[in-house]
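Reminder, nothing fancy here: chain letters follow the sequence lines and each chain counts from 1. Note that the structure is a prediction, hence the values are computed from the model and not measured.
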Amino acid sequence: MTTATTPGIAPESGGYTVDVVERTDNRMVLSMGPQHPSTHGVLQVVTEIQGENITKASPEIGYLHTGIEKSAENLFWNQASTVIERMDYLSPLTNALCYYLAVEKLLGIEDQIPARANQVRVLFSELSRIASHCVWLGTGGIDIGALTPFFYCFDLRERILDLFEMAGGARMHPNYIRVGGLREDLPDGFLRKLDELIAMFAPRMRDLRGLLQKNPIFQDRTIDIGIISAEDAVAWSLTGPVLRASGIAYDVRKAFPYSGYGEYEFDVPVRTEGDAYARFLVRLDEMDEAMRIVRQVRKKLDEKGPFQIADTKFAPPPKETIALSMEALIHHFKLVSESFRVPPGDVYQAVEGPRGELGYYVVSNGDNRPWRVRTRPPSMYNLQVLKKLAIGELIADMVVMIGSLDPVFGEVDR
Amino acid sequence: MPSSQAPPAGATALDPTAVRPDIADARIIRITPAEVRATLSGLRDDGFTMLLDVGGADYPGREPARFDVVYHLLRMPVKIATVAEVGAPERVRVLCGVPENDPVVPTVSDLWPSADWAEREIFDLFGVRFDGHPDMRRIQMPDDWEGYPLRKDYPLRGVARERTPRPSFALKSNVAAGTPASGKTAAALQKQIAQARGRDEFHGADDPAKTAQSGRHPGGASTAGTAAPEQLAQQPVHLKKDTPQ
């Protein structure tokens, strides 16, 4: 067995190196992606196979690197969320929430966020989780030949995106969360649409479970595939549903509550099998728990209240006061033209995203732009375990394993 | 803490880390590269079994360590087989200062396999090498890329160019040195404005007579209201003539 590892550039490999190059035994190298439909983006996995069994897998990332962290450092504090939302493009509001929680900690205003803002933030976090899991479930089903769930999932997701559009004006990247609260209050008719979503959710989940959970083909393809032990899950820094499917009940919402998550009753679904089917079940249960939180938030939303902090140095003053008050006009002008300044310091803030612990390490040097915005990308750490996970599995199960890890490449590559 | 207050003691523009005891997000440990392995393996034995993240940060001009390699570790609230004792969930942040002339840190990818890609990313974007790493090559950028994009002296776009200081960039030091906040002298700003006027970019040009003649606002007899319909009427004909079928 010879493994040719070439440091630097190997011209014969077209400008990039992979650590499995040539074989003299009966193994062969199979490159999957980066334009493979089941890699859910641009992932290349260079696999070494013997017969149908994978003996080595080397994921190559970076095809979607867009320098979002660098861009964020060069935007105002309240502009940076426009690019930050593009990292995990399946749950953009979770990204923005985490970033703004970090900024609010640096500003020292995290205790002044109004209750209604926190409720809407929790609502949108949980709706994002459902929408994101819908994409995972729909595309993950397609990967192994189940086409029907895709339409059920995307219909459900579309209704959630309609809510985002109502509130923020855009389906994918509403940019709705702001320092100190929200950009604006929920529009008229929002709660009625939310009620419709809540009403249709339970029967839809029943359909989805009926289509997949007891489906013998689906079970054959996922049970005992890609098993991750609890020790491995910790050693490889896995978080989110992947960690909880391996038997470890770590959830940021419970361990380090933020935005008032302590007020809501919900369970953290855990399974101990650690295979692709367990990850599937954990995510389905998570969707139900997310809807449980949504229903609790919904009850509180009837009461109107302020949606942003009163301090107009951070949050823009109400539009009607701008025409009347000189001070409001000045604050508005200052916010738009040069943003606000954040006292020096560094902070790590994490939220429980749909893929796991999404963290932001934000450094301020007292300027009106962040000095450093480091993302802790859950997808990247979750995807990395593929190197270990794939060994010994069948090449046909590679798509199942990638799907069960649920990577989003906007976040992996940033 | 509102932004109007003075920055906390010990904060400088060059090192804004570990100056905010009011934010209790994590226990902070500051180390040198030589102490990395002992500190981190000690923490791991102490129950901080999960390496959440390895990130980098650049503070040009800071002495003796320009870069920070930032480790975030987590002690989980639940018990797993390899850990005897577990406490409340807790995070710890280990800041390892790395000098610019010798940016090398020992790897921890043998302690935590998940450090592999994270360390490669720091090497790729900051140019900090990890000694003992099994596969130290670029991960996000192409292998033949020159430079380290997340360093502060790396340009934001295009080829390397002279950077104009941003209006707010290191404001305090600029003001202290007596330079205008924008980095430009008043004369240079006036010149720029004059050039912009010469290109007719502003509605309010400095010569009112000229403005009136050109039919532009303000106060000219022929305003945009009368001129615009003619132009609009001519526009489609013109377009039709030039546009190939």
Engineer: Taking A:Lys70 for the side chain and B:Lys152 for the main chain, is one N or O donor matched with an acceptor at less than 3.5 Å?
Structural biologist: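 Answer holds: no.
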Engineer: List the atom pairs, with distances to 0.1 Å, where a side-chain N or O of residues 383-390 of chain A and a protein N or O form a donor-acceptor pair under 3.5 Å, not counting sequence neighbours.
Structural biologist:
from, atom 1, to, atom 2, distance (Å)
A:Gln384, OE1, B:Trp117, N, 2.9
A:Gln384, NE2, B:Ser114, O, 3.0
A:Lys387, NZ, B:Asp116, OD2, 2.7

Engineer: Can you measure from CZ (A:Arg374) to CG (B:Leu150) and round to the nearest 0.5 angstrom?
Structural biologist: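 If I round to the nearest 0.5 Å, the distance is 9.0 Å.
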Engineer: Ignoring hydrogens, what is the shortest heavy-atom contact between A:Trp371 and B:Asp58? Give both atom names and the distance.
Structural biologist: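 Nearest pair, atom of A:Trp371 first, then B:Asp58: NE1-O, 2.9 Å.
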Engineer: Nearest 0.5 Å please: distance from the CD atom of B:Gln140 over to the OH atom of A:Tyr63.
Structural biologist: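 With rounding to 0.5 Å, CD (B:Gln140) is 12.0 Å from OH (A:Tyr63).
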Engineer: With only heavy atoms counted, which part of A:Leu238 is less than 4.5 Å from chain B, the side chain, the backbone, both or neither?
Structural biologist: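 For A:Leu238, the backbone is the part near chain B, not the side chain.
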Engineer: Between CE of A:Met380 and CG of B:Asp53, what distance do you get to the nearest 0.5 Å?
Structural biologist: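 Between A:Met380 CE and B:Asp53 CG, I get 7.5 Å after rounding to 0.5 Å.
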Engineer: Against chain A, work out which of B:Met136, B:Arg138, B:Glu90, B:Glu121 has the most heavy-atom pairs shorter than 4.5 Å and name it.
Structural biologist: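 Option with the greatest count: B:Glu121.
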Engineer: Measure A:Val252 against the heavy atoms of chain B and call it side chain, backbone, both or neither at under 4.5 Å.
Structural biologist: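 Looking at A:Val252, just its side chain touches chain B.
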Engineer: With chain A as the partner chain, list the residues of residues 91-110 of chain B whose heavy atoms fall under 4.5 Å from it, by residue number, and write 'none' if nothing qualifies.
Structural biologist: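 Under the 4.5 Å heavy-atom cut-off, B:Arg91, B:Arg93, B:Leu95 qualify.
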Engineer: Among A:Gly345, A:Gly359, A:Gly67, who wins on heavy-atom pairs under 4.5 Å with chain B?
Structural biologist: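 Top option by heavy-atom pairs under 4.5 Å: A:Gly345.
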Engineer: What part of B:Ala57 gets within 4.5 angstrom of chain A, counting heavy atoms only: side chain, backbone, both, or neither?
Structural biologist: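 Contact with chain A is through both the backbone and side chain of B:Ala57.
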Engineer: Tell me, for A:Val363 versus chain B, whether the close heavy atoms (under 4.5 Å) come from the side chain, the backbone, both or neither.
Structural biologist: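 The side chain, not the backbone.
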Engineer: Quick check on side-chain contact (heavy atoms from CB on, under 4.5 Å): which of B:Thr49, B:Leu52, B:Leu51 does A:Ser237 satisfy it with?
Structural biologist: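 Of the listed residues B:Thr49, B:Leu52, B:Leu51, the side-chain contact (heavy atoms from CB on, under 4.5 Å) partner of A:Ser237 is B:Leu51.
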Engineer: What is the distance from atom CG of B:Asp68 to atom CZ of A:Arg372, rounded to the nearest 0.5 Å?
Structural biologist: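 Interatomic distance, B:Asp68 CG to A:Arg372 CZ, rounded to 0.5 Å: 10.5 Å.
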Engineer: Measure distances from B:Pro149 to the heavy atoms of chain A and classify the residue's part below 4.5 Å as side chain, backbone, both or neither.
Structural biologist: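 For B:Pro149, backbone heavy atoms alone lie under 4.5 Å from chain A.
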Engineer: Take A:Glu60 and B:Arg137 through the test salt bridge (charged side-chain N to carboxylate O under 4.0 Å, His left out) and record every step on the way to the result.
Structural biologist: CA-CA 12 Å; A:Glu60 295 285 318; B:Arg137 60 190 166 93; 3.3 Å; yes
Engineer: Heavy-atom pairs under 4.5 Å with chain B are the metric here; pick the option from A:Ala235, A:Gly62, A:Ser71 that has the most.
Structural biologist: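 Of the candidates given, the most pairs with chain B belong to A:Ala235.
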Engineer: Can you name the residues that form a ring-ring contact (aromatic ring centres under 6.0 Å, His included) with A:Tyr348, not counting sequence neighbours?
Structural biologist: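 Applying ring-ring contact (aromatic ring centres under 6.0 Å, His included) to A:Tyr348 gives B:His72.
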Engineer: Between the side chain of A:Arg376 and the main-chain N/O of B:Val54, is any donor-acceptor distance below 3.5 Å?
Structural biologist: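 Pair absent, no side-chain N/O of A:Arg376 close to backbone of B:Val54.
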Engineer: Return the minimal non-hydrogen interatomic distance between A:Thr239 and B:Met50, and the atom names on each side.
Structural biologist: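 Looks like CG2-SD, 4.1 Å.
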Engineer: Just so I understand: if I count every heavy-atom pair under 4.5 Å between each of A:Glu110, A:Arg414, A:Gln349, A:Glu338 and chain B, which residue has the most?
Structural biologist: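 Ranked by contacts with chain B, first place is A:Arg414.
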Engineer: Test of understanding: with salt bridge (charged side-chain N to carboxylate O under 4.0 Å, His left out), list the residues that count as partners of B:Asp131, not counting sequence neighbours.
Structural biologist: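 Residues passing salt bridge (charged side-chain N to carboxylate O under 4.0 Å, His left out) with B:Asp131: none at all.
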